[in-house]
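Here is the structure we will look at.
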There are 2 protein chains.
Amino acid sequence: MVQQSNELLDKVTELFWAKGFQATSMRDVQHALNMRPGSLYARFPGKSALFVQVMEHYAGQLKAHLLTIAQASDLIEATRMFFTQELLRAPDKRYQRQCLLINAMAERSKLDDNAAVALDAALNDVEDGFRHLISALQHHHFVTQTVPAKIVAKWLQTQFIALRHTAYRSADDAGVAYHIDKLLLDLQGQWPTSHGSSSSPAELPD
Amino acid sequence: MVQQSNELLDKVTELFWAKGFQATSMRDVQHALNMRPGSLYARFPGKSALFVQVMEHYAGQLKAHLLTIAQASDLIEATRMFFTQELLRAPDKRYQRQCLLINAMAERSKLDDNAAVALDAALNDVEDGFRHLISALQHHHFVTQTVPAKIVAKWLQTQFIALRHTAYRSADDAGVAYHIDKLLLDLQGQWPTSHGSSSSPAELPD
DNA sequence: TTGTCTCTTGAACAAATGTTCAAGTAAACC
DNA sequence: GGTTTACTTGAACATTTGTTCAAGAGACAA
């Protein structure tokens, strides 16, 4: 009758995702996991530790997803699919259109040190996933190689974050699909030649 | 010795901006305004009402700013200036790089009905400001007229949101400036011809 | 049965938070 | 001077929240 840690984390992740970290009380967690306070605290040292594990859980999954995509045969289509899947989640899971990490960022001032570090690590992890995807896109000449993958990756992650917010708010899914089309155009389109970006735009990280 | 309501709202806005709505306690507000609980509650019926007024205050200012920009002679340069100003706020006001509205969105589940309505209204207000700017840009042929201003405006607001997050997190201001350049390229660049966007791409809302 | 070990229970605590209200202050008006 | 009016004060309340811990339950060995 003992639940696996992964199942537990799945459920807690959903909670934090749907309601936010602060808005989710330990009593909410206890109820969702059908555990009493003592048992819960035997498993997780406290709310902050729970947050840390959820961050790792979430970022790990997202990064893995991105690495899979980077190996697809039709990269552009796979990228579009990725965005479509993430952004057009069905109404019953609409809260998943939001980005858990961004919501967490908004609550940063209330996080303790461990939690803040975990949040940063999670964001960097996801960025790393995007960098792999961009490198693949550059390798297949979908994206100019004159701009470092790292910079394009940051751009794409930025787009992802913003679209999640818009998709969450918008009632118009077709409009979101249009935004994705625009994004894919811009990705393959023109890039500024330079603007004092510290690293030379010519060199490509791995 | 009585403070103007605008001064009060300015201070409360800063508080909410820097710490977040939930993370700011009424005692924080009392301290910042040098008011005792009773006086504060005589002026504002409660924390939720405070939130509502801050939303109106903030969105009103941002929209006004956008309307001013829409009347500049060099629209592209004015737009770039707008983004640069908002995104590269000096270190002592770094928290203002974040978007107050987005942070509020992340706490939506804890807002009561009035506050949620005010938040939506604020977001729509800002979107309206962007729409005016886009209309001006289209009028001067910087942006294609084949796409409705409303759609482009939503895109630009999305970009704005995204860049704010990145600018807040990033240690590299030159990178942010590069992102702004890319944004201005994309704005003037290619737009998808259609993708089931419900309203016909030919007609332009004023 | 008895004893031991592991895990669970739920009442309880302490701190924080939004809010109220009777009492106090001082200026304005008759 | 006396009375009313408008505003301020700060102690206090009720609720929520993260967390703890002594007591209990059940499995298994002696």
Side-chain angles (χ1 to χ4, degrees), chain A residues 1-9 11-55 103-104 106-119, chain B residues 1-9 11-55 103-104 106-119:
Chain A
M1 189 54 179
V2 175
Q3 291 179 86
Q4 291 282 330
S5 262
N6 268 349
E7 291 176 33
L8 297 184
L9 276 183
K11 288 182 184 170
V12 181
T13 303
E14 298 243 320
L15 269 184
F16 286 174
W17 209 341
K19 293 194 60 173
F21 172 61
Q22 288 184 70
T24 306
S25 71
M26 288 304 268
R27 279 163 183 79
D28 291 335
V29 176
Q30 287 154 26
H31 188 258
L33 302 186
N34 192 29
M35 288 172 90
R36 259 41 62 193
S39 306
L40 186 59
Y41 275 81
R43 198 80 83 99
F44 303 96
K47 200 184 181 188
S48 173
L50 211 44
F51 177 85
V52 171
Q53 297 204 30
V54 165
M55 284 298 117
N103 286 6
E107 307 184 302
R108 198 171 210 280
S109 70
K110 275 252 179 165
L111 301 179
D112 66 19
D113 289 354
N114 291 332
V117 167
L119 173 55
Chain B
M1 190 51 179
V2 176
Q3 292 179 86
Q4 291 281 329
S5 261
N6 268 350
E7 291 175 33
L8 296 184
L9 276 184
K11 288 182 183 170
V12 181
T13 302
E14 298 244 320
L15 269 184
F16 286 174
W17 209 340
K19 294 194 60 174
F21 172 61
Q22 288 185 71
T24 306
S25 71
M26 288 304 267
R27 280 164 182 79
D28 290 335
V29 176
Q30 288 154 26
H31 188 257
L33 302 185
N34 193 27
M35 288 172 91
R36 259 41 63 192
S39 306
L40 187 58
Y41 274 81
R43 199 76 86 98
F44 303 96
K47 201 186 182 188
S48 173
L50 211 45
F51 178 85
V52 170
Q53 296 204 30
V54 164
M55 285 297 118
N103 284 6
E107 306 184 304
R108 198 169 211 279
S109 70
K110 275 253 180 167
L111 301 178
D112 66 19
D113 288 355
N114 291 332
V117 167
L119 173 55

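First the proteins, then the strands, lettered A, B, ... as listed; each starts at 1.
- Minimum heavy-atom separation, A/Gly46 to A/Met26: C-CE, 4.3 Å.
- A pairwise comparison of heavy atoms in A/Met55 and A/Ala104 identifies CE-CB, 4.0 Å as the closest pair.
- Here the P atom of nucleotide D/dT15 and the CZ atom of A/Arg27 are 14 Å apart, to the nearest Å.
- Nearest heavy atoms, A/Lys47 versus A/Gln22: NZ-O, 3.7 Å.
- In this structure, B/Leu33 places its CG atom 12 Å from P of D/dT9, rounding to the nearest Å.
- Counting only heavy atoms from C-beta on, B/Tyr41 has its side chain closest to C/dT19 among C/dT8, D/dG18, C/dT19.
- Annotation: of the two residues near DNA chain C, B/Pro45 and A/Lys110, the 5′-most nearest-nucleotide partner is A/Lys110.
- If you take CG of B/Leu40 and C1' of C/dT17, they are 14 Å apart, rounded to a whole angstrom.
- C/dA16 atom C1' lies 17 Å from atom NE2 of B/His31, rounded to whole Å.
- Counting only residues at least two apart or in different chains, salt bridge (Lys or Arg N to Asp or Glu O under 4.0 Å) contacts with residues 21-41 of chain A comprise A/Lys19-A/Asp28.
- Rounded to whole Å, atom P of C/dA12 lies 21 Å from atom CE of A/Met26.
- Using cut-offs of 30° and 60° for the angle between ring planes, the A/Phe16 and A/Phe51 rings count as tilted.
- Listed candidates were D/dT17, C/dG18, D/dA11. Nearest to the side chain of B/Pro37 is D/dA11.
- Rounded to an integer number of Å, the gap from CZ of B/Phe44 to C1' of C/dT19 is 16 Å.
- A residue-by-residue look at A/Gln30 and B/Arg36 shows that B/Arg36 has its nearest nucleotide of DNA chain D further toward the 5' end.
- The closest side-chain donor-acceptor pair between A/Ser48 and A/Asp112 falls under 3.5 angstrom.
- Near DNA chain C, meaning a heavy atom under 4.0 Å away, there are no residues from residues 13-24 of chain A.
- Nucleic acid contact class of A/Ser25 (heavy atoms, under 4.0 Å, all strands): sugar-phosphate only.
- As a whole-Å value, the separation of A/Lys47 NZ from D/dT17 C1' is 8 Å.
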